[in-house]
Amino acid sequence: MPDHRLTPQDERVAAFCRERHLATLTTLRADGTPHVVPVGVTVDAAAGLARVITSGTSRKARHVAAAGPVGAPVAVCHVDGRRWLTIEGRAVVRSDRAAVAEAERRYAERYRTPRPNPDRVVIEITVTRLLGSL
């Protein structure tokens, strides 16, 4: 069986995360069933973080917020043909202006300038595992 574990410092991970790929974010509902939605995600390998911007009223933000300060287990998965990358970690919701601004800046670099949203928050994921085939 191939070993699909990767490290954040792997240049293949960095290169893949600079390309424009949408992903899916999996959070858990209160009953433990998965909630999977398409998202844009950015990766900050130096900080060990992945970030997803969203409205604070979204289900994904509410699922993560419900876990409290310990964070919610989540997975983000990119697929591009045979190449794929899954980011696993613990997520928290940040609403402070500095955290949101940093997430918006990174999103604009990878995708496009996000539309204005006064209710925007960032789901900040502390990366615990990277799996993929790059």
Side-chain angles (χ1 to χ4, degrees):
M1 298 262 318
D3 183 355
H4 290 289
R5 289 177 291 187
L6 298 167
T7 67
Q9 297 76 27
D10 188 321
E11 180 51 37
R12 296 172 302 166
V13 171
F16 190 80
C17 290
R18 284 190 298 267
E19 298 171 9
R20 188 184 189 282
H21 301 288
L22 292 177
T24 58
L25 171 67
T26 302
T27 59
L28 299 176
R29 296 180 181 99
D31 67 2
T33 59
H35 176 256
V36 183
V37 294
V39 296
V41 61
T42 62
V43 177
D44 178 352
L49 297 174
R51 295 177 177 94
V52 173
I53 58 175
T54 189
S55 178
T57 59
S58 70
R59 290 196 186 272
K60 58 188 165 284
R62 292 191 321 237
H63 292 157
V64 171
V70 299
V74 300
V76 177
C77 188
H78 296 83
V79 176
D80 181 36
R82 290 181 165 195
R83 299 184 310 151
W84 60 275
L85 176 67
T86 297
I87 301 165
E88 297 178 4
R90 305 257 346 150
V92 295
V93 174
R94 303 250 187 252
S95 58
D96 63 280
R97 190 66 210 131
V100 172
E102 178 64 9
E104 289 173 332
R105 182 188 71 75
R106 289 175 179 276
Y107 183 93
E109 286 179 358
R110 186 170 189 195
Y111 298 103
R112 61 173 172 73
T113 302
R115 71 185 187 320
N117 179 351
D119 298 322
R120 181 167 288 131
V121 297
V122 57
I123 296 174
E124 196 174 84
I125 303 160
T126 300
V127 178
T128 57
R129 182 180 302 145
L130 292 174
L131 301 168
S133 180
L134 303 173

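Hydrophobic cluster membership differs between L25 and V36, with clusters built from Ile, Leu, Val, Met, Phe, Trp and Tyr side chains linked at under 4.5 angstrom. Under a hydrophobic-cluster definition in which Ile, Leu, Val, Met, Phe, Trp and Tyr are linked whenever side-chain heavy atoms come within less than 4.5 Å, directly or via other members, L134 and V41 are assigned to the same cluster. In this structure, V43 is not a member of the same hydrophobic cluster as V79, with clusters built from ILVMFWY side-chain heavy atoms closer than 4.5 Å. V37 is connected to V74 through a chain of hydrophobic side-chain contacts under 4.5 Å among Ile, Leu, Val, Met, Phe, Trp and Tyr, so both are in one cluster. In the hydrophobic clustering of ILVMFWY residues, with side-chain heavy atoms under 4.5 Å counting as a link, V122 and V52 come out apart.
Here the CD1-CD1 distance, from I125 to I87, works out to 7.0 Å after rounding to the nearest 0.5 Å. The OG atom of S58 sits 5.5 Å away from the CD1 atom of I123 when rounded to the nearest 0.5 Å. Rounded to the nearest 0.5 Å, atoms CZ (R18) and OG1 (T42) are 13.5 Å apart. Atom-to-atom distance recorded for R62:CZ and S55:OG is 9.5 Å, nearest 0.5 angstrom. The distance from atom CD of E19 to atom CZ of R110, rounded to the nearest 0.5 Å, is 8.0 Å. Rounding to the nearest 0.5 Å places CG of L49 at 4.5 Å from CD of E124.
Here the shortest heavy-atom pairing between S95 and V121 reads CB-CG1, 3.9 Å. Shortest non-hydrogen contact noted between L28 and P73 is CD1-CG, 4.1 Å. L85 and C17 get closest at one heavy-atom pair: CD2-SG, 3.6 Å. Scanning all heavy atoms of the two residues, the minimum distance from V76 to A23 falls at CG1-CB, 3.7 Å. Taking both residues in full, the closest heavy atoms of P114 and I53 are given as CB-CD1, 3.8 Å, listed atom of the first, atom of the second, then distance.
A salt bridge is absent between E109 and R106; no separation between the charged side-chain nitrogens and carboxylate oxygens falls under 4.0 Å. Classification of R115 and E104 as a salt-bridged pair fails, no side-chain N sitting under 4.0 Å from a carboxylate O. Salt-bridge annotation for R5 and D3: present, with a side-chain N of the basic residue lying under 4.0 Å from a carboxylate O of the acidic one. A salt bridge does not link D96 to R94: none of the charged nitrogens lies less than 4.0 Å from a carboxylate oxygen.
Under a 3.5 Å cut-off, the side chain of H4 and the backbone N or O of G132 do form a donor-acceptor pair. One N or O on the side chain of T128 and one on the backbone of E88 form a donor-acceptor pair closer than 3.5 Å. Not one N or O on the side chain of Y107 forms a donor-acceptor pair closer than 3.5 Å with the backbone of R51.
At a cut-off of 3.5 Å, with distance as the only test, a side-chain donor of T54 or K60 sits close to an acceptor on the other residue.
In this structure, R29 places its CZ atom where more than 12 heavy-atom neighbours from other residues, nucleotides or ligands lie under 6.0 Å away. Counting non-hydrogen atoms of neighbouring residues, nucleotides and ligands closer than 6.0 angstrom, the CZ atom of R129 reaches no more than 12 such neighbours.
Using cut-offs of 30° and 60° on the angle between ring planes, the pair H21 and F16 is parallel.
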The test is side chain to side chain contact (heavy atoms under 4.5 Å, CB included); show your working for T26 and C77 and say whether it passes.
CA-CA 8 Å; T26 302; C77 188; over 6 Å; no

Audit row: R90, V70, side chain to side chain contact (heavy atoms under 4.5 Å, CB included) steps and yes/no
CA-CA 8 Å; R90 305 257 346 150; V70 299; 4.3 Å; yes

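Using a 4.5 Å heavy-atom cutoff, the side chains of V13 and L130 are in contact.
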